[in-house]
Q: 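Take a look at the following structure, please.
Note that these values count all heavy atoms, side chains included, but never hydrogens, waters or copies made by symmetry. All residue numbers in this chain count up from 1 along the given sequence. Counting starts at 1 for both ligands and their atoms, in listed order.
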Amino acid sequence: MSTTYFEDSPPLWVPTNPRWTPSENLRRLINYKHGLNLKDYHDLHKYSVEDYAFWLDLWEYLGIISSVPPKTITAEGYIPEVPLWFPEARLNYAENMLARRDDAICITAGGENGVVIDYSYRQLRDMVRQMSRAMRNYGVTKGDRVAAIVNNTVTAVVICLATASIGGIFSSTATDMGTQGVLDRYRQIKPKLVFAETEVAYAGKHINLLPKITEVFRDLRNFGLQQAITLPSLISGKEIVVPDSILLSKFLAKDDGRELIFEQLPFNQPLFILYSSGTSGPPKCIVHSAGGVLLQGKKEMRLHMAMEADDTYFQFTTTGWMMWTFMLTGLAAGVRVVLYDGSPFYPDIRKYLKFIGDQRVTMLGTSPRFLAEVQGKGIKPLELASFEALKTMCVTGAVLTSPMFRWTQQAFGEKVQLASTSGGTDICTGFVSGCSSLPVYAGEIQAKSLGMKVEVWDPSGNNIEHTGTAGELVCTRPHPSLPVKFWGDDSGAKFRDAYYSTYPGIWRQGDFMVINPKTKGLMILGRSDGVLNPSGVRFGSGEIYSVLEEFTSVIEDSLCVGQRRAQDKDERVLLFLKMREGRKLDDKLVREIKDAIRKALSTRHVPAFVLQVEDIPYTVNGKRIEIAVKQIVSGSNLKPSGTVANPESLKLYYKYRDLGTPEPVASVKAKL
Ligand SMILES: CC(=O)CC(=O)O
């Protein structure tokens, strides 16, 4: 059965000057340099994935700062799938972030408490210098891990860049991560230093972190921790003494006043450790290289999001999501980065939107979940602020469905380019992204990112991208931000198993995707492990969520999973709905939802059961947890990991293992 994923409708947005965009400039430069005749973005992309020389072109175009320039592009790596990039080059990530030394504002720090503070490049550099000197005097050297349990503040940025200046490896978790979640991560990477907040505010509540961090510090002493450092309260500004640790002021007193030194390191020098969001079992510790994060991040900023030195980038993220590390690289592009500490919903989502407008943000990084919340509350952003500076919205974290594209376009203004993006923690960048010289079509991500050889494969490993059929997102060629390795997996066995086992030697991302043969736009339809497969019809949960957007005034959230129990011959689809306050799911609404799905998709997409639940499980990074629920309703028992933001919610799903046979719905039967 074939499904039509694409609307044959005019673009939502077209570039005003498609020939004078950064990617067009790069295309012309490459034509000139190599005597080529690349005609458009698609030709440029083809070149970028066929010739590794592209990465050298990009290095030059982006003005990457290095003490030893690159010569050879790749050499043999520790496993065949992961080459060593630019082996001769020497550089420092932090030096690239702090290239500007003037009084221009590079960071604006705001938050739910309403306090806004600007920091110039000069100030930031001095803060990093002081922190870096103190770290060195506490014995931090190349390769040491520095971990943090911190909010999204300038202090977090300073700790990160100071670590990078020395060649240390930085890893952070948000302060809402539970003790076990923090320990599951930091016991594995054995940090030499740990920085932690002591008191924070979220959604107006004061949160005392002392019990958690005391336990974490005590435990990590058995895993190589040499010094724990506590940060002043983010509520009162007061320093709080915690056993077995020192205050930040005491730590910084070790600054000897000497200059900031940027260690000159190989491109592949580990910079960040991020964590897989597995919802059971210990997280995988994904090590990313300084050069890979820098080159890919700056590419996204400058070429895909078309940001320039006068731009302002606001990304809503905690320090535990890869988007935080991605956002930091904005500094290398010379943009002003706006940090936000706290809940967007407190004291009021309107105030938050107004803050973004008032800051004259030019690139807003947000998620479909946030947009759905704004829509569901009936808020009209343009009535709160003009958003006249806003040029681009980078939307990621989940599928941005077609109705949501339309709503967002109308809600933030027709001149805004909606750059839906997908990639993730595993590559610390995007596989598919925005492009300021191509139109935006509702529901479609504009283009494959430069240098990323993305294809759609069927289960037998055939490339089906030109057929308009959905399949696995694969990346058939290495790129510089492949993880260096998983921490503690020196043979690479776990690493290969995670990405290269389905199609030997080929990276499988785990996303279910389709490409529009006409526009070349891309649609992610959900996680491929969560693909729904009733009666052999494969489709993504995103298709169902897209239909539910008609119902946002009554439905707050939803989760769609397949159920396949030992006793079942076939898989069936369960749709769970969390209703808005005061609303109840009744038979009439169930019928309306099923009808809407049948009409928009097909009879075979209609869920066997539509059920009301109290809560939908999410990861700490705001992603719906489908796989764990699928396993629970299919009969497995799960012990949630620290990655689940609301672990209690998983318990709500055990009772659905015993669902009987669904009522036959007359119209469903008739159409089958
Ligand atoms: C770029 C991304 O893909 C971010 C995410 O969803 O984790």
Q: Ion pair present between Arg496 and Glu81, side-chain N to carboxylate O less than 4.0 angstrom?
A: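 Looking at Arg496 and Glu81, the cut-off is met.
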Q: Identify whether the distance between the nearest side-chain nitrogen and carboxylate oxygen of Lys298 and Glu300 falls below 4.0 Å.
A: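 No, no charged N to carboxylate O under 4.0 Å.
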Q: Looking at ligand 1, would Gly397 count as a contact under a 4.0 Å heavy-atom criterion?
A: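 Right, Gly397 reaches ligand 1.
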Q: Got a salt bridge between Arg624 and Asp557, using NZ or NE/NH1/NH2 to carboxylate O under 4.0 Å?
A: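 Counted as a salt bridge, because a side-chain N and a carboxylate O are separated by less than 4.0 Å.
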Q: Would Glu7 and Ser402 satisfy side chain to side chain donor-acceptor pair (under 3.5 Å), going step by step from the backbone distance to the final call?
A: CA-CA 9 Å; Glu7 302 172 9; Ser402 189; 2.3 Å; yes
Q: Which heavy atom of Thr469 sits nearest a heavy atom of Val456, and at what distance?
A: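 In this case the closest contact between Thr469 and Val456 is O-CG1, 3.9 Å.
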Q: Between Leu371 and Met393, what is the shortest heavy-atom contact and its length?
A: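 So the minimum-distance heavy-atom pair works out to CD2-CE, 3.9 Å.
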Q: Report yes if some N/O of Thr425 lies less than 3.5 Å from some N/O of ligand 1; otherwise report no.
A: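 For ligand 1, there is no N or O atom that lies under 3.5 Å from one belonging to Thr425.
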Q: Could you check atom 2 (C) of ligand 1 against the protein and tell me its nearest heavy-atom contact, residue, atom and distance included?
A: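 Heavy-atom neighbour on the protein nearest atom 2 (C) of ligand 1: Thr396 OG1, 3.1 Å.
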Q: Consider every N or O of Gly423 and every N or O of ligand 1, then say whether any pair is closer than 3.5 Å.
A: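 N/O-N/O distance below 3.5 Å exists for this pair.
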Q: With a cut-off of 4.0 Å, which atoms of ligand 1 are near a heavy atom of Ser422?
A: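 What qualifies from ligand 1 is 3 (O).
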Q: List ligand 1 atoms under 4.0 Å from Lys623, heavy atoms only on the residue side.
A: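 Answer, ordered by atom number: 5 (C), 6 (O), 7 (O).
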Q: Does any N or O atom in Trp321 lie less than 3.5 angstrom from one in ligand 1, N or O only?
A: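 Yes, since at least one N or O of Trp321 sits under 3.5 Å from an N or O of ligand 1.
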